[in-house]
Peer 1: 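Dumping the structure here so I can ask a few things about it.
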Amino acid sequence: MNVLLTGGAGYVGSHVARALAAAGHTPVVYDNLANGHRASAGQAAFVQGDVADGPALLAAMRDHSIEAVVHLAAFIEAGESVVKPDKYFRNNTIIGMTLLDAMREAGVAKMVFSSTAAVYGTPRRACIEETDRLEPINPYGASKLCVELMLAGYAGAYGMGFAALRYFNVAGADPTGGIGEDHNPETHLIPLVLQVPLGKRASIKIFGQDYDTPDGTCIRDYIHVCDLAAAHVLAIGAIEPSRVKVYNLGNGEGFSVMAVIEACRAVTGEAIDAEPADRRPGDPPRLVASSRKAIAELGWQPKYPDLETIVSHAWAWHKSNPDGYGDR
Ligand code: UFG
């Protein structure tokens, strides 16, 4: 299948493009390079364009005979979304309609949407199921939930088919090399912790040590980016007309910020200084997925579920690419 990936030159997008190609599909990367890296698209077809640009999207879909879209382009920082909600609702939500309308015009009826665990807000139980309440506590989560609701409308009215994948905390890098995480600025925990042994920062700040968790720090469910990418390939095959299928993607196990720092110490063999800091606005104390539905319905089976493997693949990427893509 010819698949257009918006945000395909980003961290997750580059891994999804590689997984699609390995499964015999033809990925076409569509990215404005605001945060993506041209080099991460490798040999895949590349179109530099913005999701806000409907005519450019339509042309890309027609030129490449696109049959499905993976929509990854988005701003992704929950903390920033609290102080800049306009940026998140405009880019992540309103612009999403431009893409849906271009798809309708081009006759492209399938989309995998990159959604987030942030749609749940502060969960009411230990392991979150897809049917749990959707009560985002930051504009980032709300901006993604709005798109999920739009998808339901488009599925019902126009017969389009969707899979919405609710990512938990994505980390690691393709162990075969060449692609990995490179955000500027970096805000995610694992790459930031690894900057300490790389000599790029003196210590890691722990945002909040007074949460209602066993060691007082926030708990997250870390998923290997290659396992996440594999789920996109399966999801494309599972899309049905007039339906929105929703799947959590995590490993069902929570690790505190302290536990992640410990895992980074074990993998790198370095001491890694950590210092207490204030809570970061918009952070729920604990987010852990039940991914039973993805396992049962998609046949998804994570290859790298353990945290040390995830960290060691991230470490291999950062060690060989200390400046990321160096803006290639
Ligand atoms: N953290 C620190 N110090 C840091 C950076 C992060 O203590 O320097 C903490 C955060 O406060 C949080 C945890 O580490 O408790 C994880 O933070 P990340 O920024 O790595 O990830 P988030 O959980 O905020 O968000 C990520 C994605 C979102 C997604 C969410 C789902 O960025 O897109 O996971 O869980 F919605």
Side-chain angles (χ1 to χ4, degrees), residues 7 10-13 35 72-82 88 91-92 113-123 127-128 132 134-145 147-148 164-172 181 183 185-196 200-225 228 247-264 272-291 307 310-311 314:
Y11 169 47
V12 173
N35 293 315
L72 302 123
F75 292 122
I76 58 166
E77 290 168 37
E80 183 191 51
S81 77
V82 175
Y88 281 74
N91 185 75
N92 293 2
F113 172 58
S114 101
S115 190
T116 170
V119 297
Y120 296 108
T122 303
C127 237
I128 306 169
D132 285 4
L134 303 173
E135 299 171 310
I137 59 165
N138 52 58
Y140 167 65
S143 73
K144 290 280 187 173
L145 178 55
V147 177
E148 287 196 15
L165 304 183
R166 294 179 180 156
Y167 306 169
F168 283 65
N169 286 57
V170 190
E181 189 163 12
H183 293 115
E186 188 53 77
T187 61
H188 292 124
L189 181 62
I190 291 175
L192 284 176
V193 177
L194 295 176
Q195 285 182 1
V196 181
K200 296 191 148 203
R201 66 175 54 235
S203 65
I204 181 74
K205 288 195 163 81
I206 300 170
F207 294 149
Q209 290 187 299
D210 56 351
Y211 286 98
D212 185 16
T213 60
D215 67 16
T217 66
C218 285
I219 291 175
R220 294 288 182 272
D221 182 344
Y222 293 86
I223 171 172
H224 196 292
V225 65
L228 186 84
Y247 300 100
N248 286 342
L249 293 174
N251 280 310
E253 198 177 349
F255 293 92
S256 70
V257 172
M258 290 302 296
V260 169
I261 296 170
E262 261 326 307
C264 292
I272 306 185
D273 276 347
E275 52 174 318
D278 289 344
R279 287 184 176 199
R280 190 176 66 177
D283 273 346
R286 181 187 156 92
L287 281 173
V288 179
S290 161
S291 298
L307 184 63
I310 294 173
V311 170

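Along the sequence shown, residues carry numbers from 1. Order of listing sets the numbers, starting from 1, for every ligand and every atom in it.
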Peer 1: Can you check whether F75's main-chain N or O pairs, donor with acceptor, with N92's side chain at less than 3.5 Å?
Peer 2: yes
Peer 1: Side chains of R280 and V82: closer than 4.5 Å at any heavy-atom pair?
Peer 2: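 The answer is no; the side chains never approach within 4.5 Å.
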Peer 1: List the closest protein heavy-atom neighbour of atom 3 (N) of ligand 1: residue, atom name, distance to the nearest 0.1 Å.
Peer 2: K205 O, 2.7 Å
Peer 1: Give the numbers and elements of all ligand 1 atoms closer than 4.0 Å to a heavy atom of L287.
Peer 2: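 So the answer, numbered in order with elements, is 35 (O).
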Peer 1: In the protein, what heavy atom is nearest to atom 33 (O) of ligand 1, and what distance, to one decimal place, separates them?
Peer 2: Y140 OH, 2.9 Å
Peer 1: Taking 4.0 angstrom as the limit and counting only heavy atoms of I206, give me the atoms of ligand 1 inside it, by number and element.
Peer 2: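 Within the 4.0 Å cut-off of I206, ligand 1 contributes 7 (O).
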Peer 1: Any heavy-atom pair between the side chains of V12 and L228 that's under 4.5 Å?
Peer 2: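 A side-chain contact under 4.5 Å exists here.
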Peer 1: Tell me whether S81 contacts the main-chain N or O of Y140 through its side chain, where contact means a donor paired with an acceptor under 3.5 Å.
Peer 2: yes
Peer 1: Looking at ligand 1, does any of its N/O atoms fall within less than 3.5 Å of an N/O of F207?
Peer 2: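 In this structure, F207 places an N or O atom under 3.5 Å from an N or O of ligand 1.
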Peer 1: Among all protein heavy atoms, pick the one closest to atom 13 (C) of ligand 1 and tell me residue, atom and distance.
Peer 2: V257 CG2, 4.0 Å
Peer 1: Which of parallel (below 30°), tilted (30 to 60°) and perpendicular (above 60°) describes F255 and Y222?
Peer 2: tilted
Peer 1: Which of the numbered atoms in ligand 1 are below 4.0 angstrom from a heavy atom of A118?
Peer 2: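 Counting atoms of ligand 1 from 1, those under 4.0 Å from A118 are 36 (F).
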Peer 1: Just jot down the ligand 1 atoms closer than 4.0 angstrom to any heavy atom of T187, in number order.
Peer 2: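 In order of number, 5 (C), 19 (O).
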Peer 1: Decide whether an N or O pair under 3.5 Å exists between N169 and ligand 1.
Peer 2: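 Yes; the residue has a nitrogen or oxygen that sits under 3.5 Å from a nitrogen or oxygen of the ligand.
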Peer 1: Tell me, do E262 and I272 make a side-chain contact under 4.5 Å, heavy atoms counted?
Peer 2: no
Peer 1: Identify, for atom 29 (C) of ligand 1, the protein heavy atom at the shortest distance, and state residue, atom and that distance.
Peer 2: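 Of the protein heavy atoms, T116 OG1, 3.3 Å lies nearest.
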Peer 1: Around D210, counting heavy atoms of other residues, nucleotides and ligands shown, do more than 12 lie under 6.0 Å from its CG?
Peer 2: yes
Peer 1: Starting from atom 23 (O) of ligand 1, which protein heavy atom do you reach first, and at what distance in Å?
Peer 2: R220 NE, 2.7 Å
Peer 1: Any idea which atoms of ligand 1 are less than 4.0 Å away from a heavy-atom of I76?
Peer 2: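 Answer, ordered by atom number: 28 (C), 32 (O), 33 (O).
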Peer 1: Do I206 and P276 make a side-chain contact, defined as non-hydrogen atoms from C-beta onward lying under 4.5 Å apart?
Peer 2: no
Peer 1: Considering only protein heavy atoms, which is closest to atom 24 (O) of ligand 1, and at what distance to one decimal place?
Peer 2: R280 NH2, 2.6 Å
Peer 1: Are the side chains of R201 and L192 in touch, meaning some heavy atoms are under 4.5 Å apart?
Peer 2: yes
Peer 1: So Y167 and T116, do their side chains get closer than 4.5 Å, heavy atoms only?
Peer 2: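 A side-chain contact under 4.5 Å is absent here.
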Peer 1: Could you list which atoms of ligand 1 come closer than 4.0 Å to a heavy atom of C218?
Peer 2: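 Once the distances to C218 are compared, the set is 15 (O).
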Peer 1: Backbone N or O of G252 within a donor-acceptor pair of the D221 side chain at under 3.5 Å?
Peer 2: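 Present.
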Peer 1: Considering both backbone and side-chain atoms of H188, is one of its nitrogen or oxygen atoms within less than 3.5 Å of a nitrogen or oxygen in ligand 1?
Peer 2: yes
Peer 1: Could you list the atoms of ligand 1 found under 4.0 angstrom from a heavy atom of L192?
Peer 2: 5 (C), 8 (O)
Peer 1: Which residue holds the protein heavy atom closest to atom 11 (O) of ligand 1, what is that atom called, and what is the gap in Å?
Peer 2: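 For atom 11 (O) of ligand 1, the nearest protein heavy atom is D283 OD2, 2.5 Å.
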Peer 1: Please work out whether any backbone atom (N, CA, C, O) or any side-chain heavy atom from C-beta onward of I204 is under 4.0 Å from ligand 1, and answer side chain, backbone, both or neither.
Peer 2: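 The answer is the side chain.
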Peer 1: Cation-pi check for Y247 against R166: NZ or CZ below 6.0 Å from the six-membered ring centre and within 45 degrees of the axis, yes or no?
Peer 2: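 No cation-pi geometry.
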Peer 1: Would you mind checking which non-hydrogen protein atom is closest to atom 20 (O) of ligand 1, with the distance to 0.1 Å?
Peer 2: L189 N, 2.8 Å
Peer 1: Taking only heavy atoms of A117 into account, list the atoms of ligand 1 that are under 4.0 Å away from them.
Peer 2: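 Ligand 1 atoms under the 4.0 Å threshold to A117: 31 (C), 35 (O).
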